[in-house]
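What follows is one structure encoded as structure tokens, with my remarks underneath.
Order of the sequence lines fixes the chain letters, A, B, ..., with proteins taken first and strands second; residue numbering starts at 1 for each chain.
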2 protein chains.
Amino acid sequence: MTDASGPAGGRRTTLADVAARAGVSVPLVSIVMRDAPGASAATRERVRRAAEELGYRPDLRARLLRRSRSRLIGVVFGVQHPFHGDLVSGLYTASDPAGYELALSAVTPGRDERRAVASLLQDRCEALILLGPQLPTSDLAELAARMPVVVVARAVRSRAVDVVRTDDAAGLHLAVDHLVELGHTRIAHVDGGRAPGAAERRRGYREALRGHRLDAEERVLPGGLTEDEGAAAARTLLAAAPRPTAVTVFNDRCATGVLDVLRRGGLSVPRDLSVVGFDDSSLARLSHVALTTVAQDTDRLTALAVARATARLEDTAPASEREQVVPPHLVVRATTAPPRG
Amino acid sequence: MTDASGPAGGRRTTLADVAARAGVSVPLVSIVMRDAPGASAATRERVRRAAEELGYRPDLRARLLRRSRSRLIGVVFGVQHPFHGDLVSGLYTASDPAGYELALSAVTPGRDERRAVASLLQDRCEALILLGPQLPTSDLAELAARMPVVVVARAVRSRAVDVVRTDDAAGLHLAVDHLVELGHTRIAHVDGGRAPGAAERRRGYREALRGHRLDAEERVLPGGLTEDEGAAAARTLLAAAPRPTAVTVFNDRCATGVLDVLRRGGLSVPRDLSVVGFDDSSLARLSHVALTTVAQDTDRLTALAVARATARLEDTAPASEREQVVPPHLVVRATTAPPRG
DNA sequence: CTGAAAGCGCTAACAT
DNA sequence: ATGTTAGCGCTTTCAG
């Protein structure tokens with residue numbers, strides 16, 4: 001148990017209190033607390049116990065103020081987006097061994113990216129990792145002039161910022177190749193509109209069809225990021241004649257909407273129509289959904305993002321490529337099968 | 001445009017730099033930057049321009065170190081949980097006008113609540129808001145001895161911590177009353193197990209049935225928080241004889257799984273079976289899902305949580321009730337209808 | 001191995 | 001209205 005007999009007057013416990021209790025100087029306590037070299041084993045033990053007894057907690061802010069470096073990486077993420085949740089998890093695990101702390105700043109309906117970034121700047125972050133930012137390229141470039149900026153899951157033209165993203169086009173090649181191998185020829189694509197990655201995925205779909213000499217079958221349906229937009233696309237699909245036998249969809253959420261409407265329309269998936277999603281989100285993994293999908297390698301994306309940020313900060317490595325593209329892989333589940341007949 | 005001619009050597013711009021440029025003393029600049037009284041309009045203008053030209057940003061950490069108060073509220077949330085996203089949004093909007101900053105700390109598969117809390121303590125948060133924490137009550141009480149702790153969306157026995165939560169039992173009363181009004185008598189409940197709120201909702205379901213003299217029809221099926229668990233419960237439901245004509249479900253995610261399996265099992269919702277969810281999450285609002293559900297008032301929950309935390313910090317108000325319970329309301333959509341026949 | 005002194009960037013208390 | 005002094009809690013010299 002920790003003991004309440006700390007400093008008087010409800011003040012918080014400081015290094016000085018620990019030093020007094022252990023009968024040593026303040027800097028020595030600092031050394032012990034940081035596991036830095038320069039203290040005898042006996043002293044270490046004594047200081048440790050004193051700190052324990054007082055329930056001492058180091059003050060990160062004071063520590064950072066004194067240190068030249070803050071070892072703090074700011075992360076801007078969308079609180080609504082489930083995929084960002086996966087990325088944040090990965091960022092924590094990647095930053096920890098690298099010796100960096102994360103400062104999270106959320107984008108919400110009432111708090112735009114600019115505010116999210118501004119608060120991180122005040123916190124003295126040394127670098128910024130932005131997840132799927134919508135900020136204009138010019139703003140990103142301006143930021144990047146001030147500090148290392150790594151954009152995850154969005155392509156950016158500017159030379160100034162680092163980018164780590166999935167090879168979206170390759171993802172659609174995987175999906176289309178899989179369907180063609182199963183024997184499909186009439187393969188449609190439900191598009192993501194202006195969403196990050198949508199243009200690449202659309203391009204991948206087109207390229208892949210051409211690669212299989214199926215140019216004539218190209219069919220891109222307007223869609224979006226959400227279930228509702230998928231549902232709308234599925235209605236178009238139901239009405240189409242001849243109907244495609246397979247469809248690749250911008251993401252899993254949208255694919256879920258597609259599945260729902262198809263089945264309610266009386267079609268059997270995958271018997272009548274095969275469906276491939278994108279993201280391998282938790283949605284896709286649900287046993288009763290069992291969606292075949294293109295998986296993004298979130299662990300790798302986040303490891304690279306942190307590695308890039310820290311490399312910039314520590315001036316190691318000649319910064320290889322400005323843009324790092326991570327290959328996705330296909331997860332085959334139960335929504336794809338050979339076409340009927 | 002900001003000008004790069006700040007301090008030499010890539011150091012960051014400080015108050016001293018601004019003071020030098022404006023030809024005034026450091027504290028005066030501080031006064032101007034904080035909009036504190038004690039500077040002439042002319043000086044203000046001059047200092048403002050100097051700061052602007054140098055691209056000066058105040059250092060929050062230094063500021064907080066110097067101030068006795070940090071005006072920082074720590075928030076622990078689950079990065080996986082969509083509902084927490086809504087709550088975080090609300091917390092930002094509530095804390096801003098109160099003059100408090102938020103420090104976010106995520107719980108992820110690789111980062112438990114203890115670590116999340118520890119990092120916030122180091123950040124010198126003055127109070128903690130925990131969203132649906134799984135931490136044992138004893139830990140919560142120990143924390144609460146140290147600083148104000150507000151638990152949101154979970155009932156806690158300990159007298160030490162403040163609680164703000166939805167009246168879960170009342171929510172199930174609303175759901176059951178609605179179904180009874182439609183004419184249902186065989187109403188089952190898919191349970192949430194040990195999830196926060198599950199016990200209350202189960203109790204509300206039981207009370208409501210008894211209120212309608214339907215004790216004999218009581219039927220609680222094991223479920224959980226996820227679609228998969230709902231799917232499993234639905235399979236039990238399909239096999240039951242006589243089959244209930246309506247079912248209340250622990251939350252919307254779980255209800256989605258229920259819906260999916262019911263429909264694939266050949267039942268029509270709501271013709272053959274009515275379904276009511278809980279949370280009014282974005283899932284429920286999807287046009288093709290259109291789930292009747294019990295909505296939690298997130299704005300009110302978050303406003304109360306912040307109000308409670310700040311009241312504790314500022315010693316205002318005699319802390320009214322330790323537990324504040326917010327009434328939910330029913331959102332009727334397309335998954336409920338009178339029973340057949 | 002240990003202690004004394006200085007200072008990170010800022011703000012509060014006192015002077016003027 | 002403005003400047004001077006001191007110190008938040010910590011780490012980094014530099015002496016001993």
Please output the side-chain donor-acceptor pairs of residues 72-88 of chain A that fall under 3.5 Å, not counting sequence neighbours, one pair per line with the distance.
unit_1  : atom_1 : unit_2  : atom_2 : d
A:His81 : ND1    : A:Phe83 : N      : 3.3
A:His84 : ND1    : A:Gly78 : N      : 2.9

Distance, rounded to the nearest Å, where A:Leu64 contributes CG and C:dC10 contributes C1':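 These atoms are roughly 15 Å apart.
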How far does the helix from C:dC1-D:dG16 to C:dT16-D:dA1 bend, going by the axes of its first and last five pairs, to the nearest 10°?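 Roughly 40°, once rounded to the nearest ten degrees.
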Taking the minimum atom-to-atom distance to the side chain of [X], which one of [options] wins?
| X | options | result |
| --- | --- | --- |
| A:Arg63 | C:dT11, C:dT2, D:dC10 | D:dC10 |
| A:Leu65 | C:dG3, D:dG9, C:dT2 | D:dG9 |
| B:Arg67 | D:dT4, D:dT12, C:dT11 | C:dT11 |

Assess whether a salt bridge exists between B:Arg308 and B:Glu323, defined as any Lys/Arg side-chain N lying under 4.0 Å from an Asp/Glu carboxylate O.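 Here B:Arg308 does not pair with B:Glu323 in a salt bridge, since their nearest N and O are not under 4.0 Å apart.
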Between the side chains of B:Glu142 and B:Arg146, is the shortest nitrogen-to-carboxylate-oxygen separation below 4.0 Å, so that they form an ion pair? no
Do the non-hydrogen side-chain atoms of A:Ser89 and B:Arg111 ever get within less than 4.5 Å of each other?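 No, their side chains stay 4.5 Å or more apart.
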Is A:Pro133 close to A:Val151 at the side-chain level, that is, under 4.5 Å between some pair of heavy atoms?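 Side chain of A:Val151 against side chain of A:Pro133, heavy atoms only: contact under 4.5 Å found.
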In residues 31-39 of chain A, which residues come under 4.0 Å of DNA chain C by heavy atom?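 Output list: A:Gly38, A:Ala39.
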Tell me yes or no: between the side chains of B:Ser119 and B:Ser105, is some donor less than 3.5 Å from an acceptor? yes
Check the interface with nucleotides 13-16 of chain C: list each N/O to N/O pair with the protein under 3.5 Å, or write none.
none

Taking only side-chain nitrogens and oxygens of [X], does any of them come within less than 4.0 Å of OP1 or OP2 of [N]?
| X | N | value |
| --- | --- | --- |
| A:Ser40 | C:dC1 | no |
| B:Ser25 | D:dT2 | no |
| A:Thr14 | D:dC8 | no |
| A:Arg66 | D:dT12 | no |
| A:Ser30 | D:dT12 | no |

Report the residue (A:Arg44 or B:Val26) whose heavy-atom-nearest nucleotide on DNA chain C is the more 5′ of the two. A:Arg44
Selection residues 26-39 of chain B - residue pairs positive for side-chain hydrogen bond (donor to acceptor under 3.5 Å, both in side chains), sequence neighbours left out: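 Those involving residues 26-39 of chain B are B:Ser30-B:Arg34, B:Asp35-B:Arg48.
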Can you pull out every salt bridge (Lys or Arg N to Asp or Glu O under 4.0 Å) where at least one residue sits in residues 124-140 of chain B? Sequence neighbours excluded, please. A:Asp59-B:Arg124, B:Arg69-B:Glu126, B:Arg114-B:Asp139
Of B:Thr43 and A:Arg57, the one whose closest DNA chain D nucleotide lies more 5':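 Nearer the 5' end of the strand: B:Thr43.
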